[in-house]
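For ligands, and for the atoms within them, numbers begin at 1 and follow the listed sequence. Worth knowing before you read on, the calculation uses all heavy atoms, side chains too, and leaves out hydrogens, waters and symmetry mates. If you're wondering where the values come from, they're calculated on a predicted model, not measured in any experiment.
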Amino acid sequence: MGRMSQQQFENFTASSLYCEKCKTAMPVRERLLLMLPDKEIYDYLCTGCAMSVGQREMTAGEKLMAQRNVARRPRRRAASHRIRL
Ligand SMILES: [Zn+2]
């Protein structure tokens with residue numbers, strides 16, 4: 001389950017989502033909609049018309065995984081610099 005949701009997460013966080021109003025994939029803006037003790041709900045707004053094009057729940061575990069994914073990327077460039085979490 002963990003691995004599958006990670007893949008979905010990566011797909012979903014693509015910087016563009018289809019907007020019904022603009023009738024095309026538009027860059028989106030992420031907005032924190034609701035913060036709960038165990039999860040956060042984000043709203044994705046089209047940057048063209050500001051309409052909500054999607055929402056996403058991020059659990060505490062997914063958030064942690066996302067942060068690790070981000071931290072993992074610059075590893076090659078920052079080989080001599082250790083990232084502390
Ligand atoms: Zn739009």
Side-chain angles (χ1 to χ4, degrees):
M1 180 187 135
R3 272 168 211 167
M4 269 180 76
S5 67
Q6 185 182 348
Q7 201 148 38
Q8 281 171 357
F9 171 80
E10 281 172 359
N11 289 340
F12 195 90
T13 50
S15 54
S16 301
L17 285 176
Y18 182 78
C19 174
E20 280 180 40
K21 205 170 163 185
C22 299
K23 308 242 182 267
T24 184
M26 292 292 289
V28 291
R29 203 153 38 109
E30 194 182 66
R31 183 180 67 166
L32 182 60
L33 200 65
L34 192 62
M35 198 186 278
L36 299 168
D38 61 333
K39 68 184 174 191
E40 294 173 354
I41 299 175
Y42 288 90
D43 201 15
Y44 289 88
L45 304 176
C46 170
T47 54
C49 64
M51 195 181 80
S52 174
V53 291
Q55 283 182 6
R56 171 182 159 71
E57 287 184 18
M58 194 187 279
T59 62
E62 284 176 312
K63 198 182 166 193
L64 204 68
M65 208 149 59
Q67 285 168 350
R68 280 186 195 158
N69 282 344
V70 170
R72 207 190 295 160
R73 268 179 206 163
R75 196 169 58 175
R76 265 184 231 156
R77 235 186 275 158
S80 60
H81 179 231
R82 298 217 172 163
I83 296 154
R84 283 183 208 162
L85 289 173

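- In this structure, the separation between NZ on K39 and CD on E57 is 3.5 Å, given to the nearest 0.5 Å.
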Worked check of side-chain contact (heavy atoms from CB on, under 4.5 Å) between Y42 and M58: CA-CA 8 Å; Y42 288 90; M58 194 187 279; 4.2 Å; yes
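- Annotation for L36: hydrophobic cluster partners, listed by chain and number, are L33, L34, I41 (ILVMFWY side-chain heavy atoms under 4.5 Å, direct or chained).
- Side-chain contact between C19 and M51 is present, with heavy atoms from C-beta onward closer than 4.5 Å.
- Counting only protein N, O or S atoms, 4 lie closer than 2.8 Å to the Zn ion (ligand 1).
- Checked by atom type, the side-chain pair E30/Y44 shows a donor-acceptor distance below 3.5 Å.
- No hydrogens or angles considered: nothing links the side chains of Y18 and E20 as a donor-acceptor pair under 3.5 Å.
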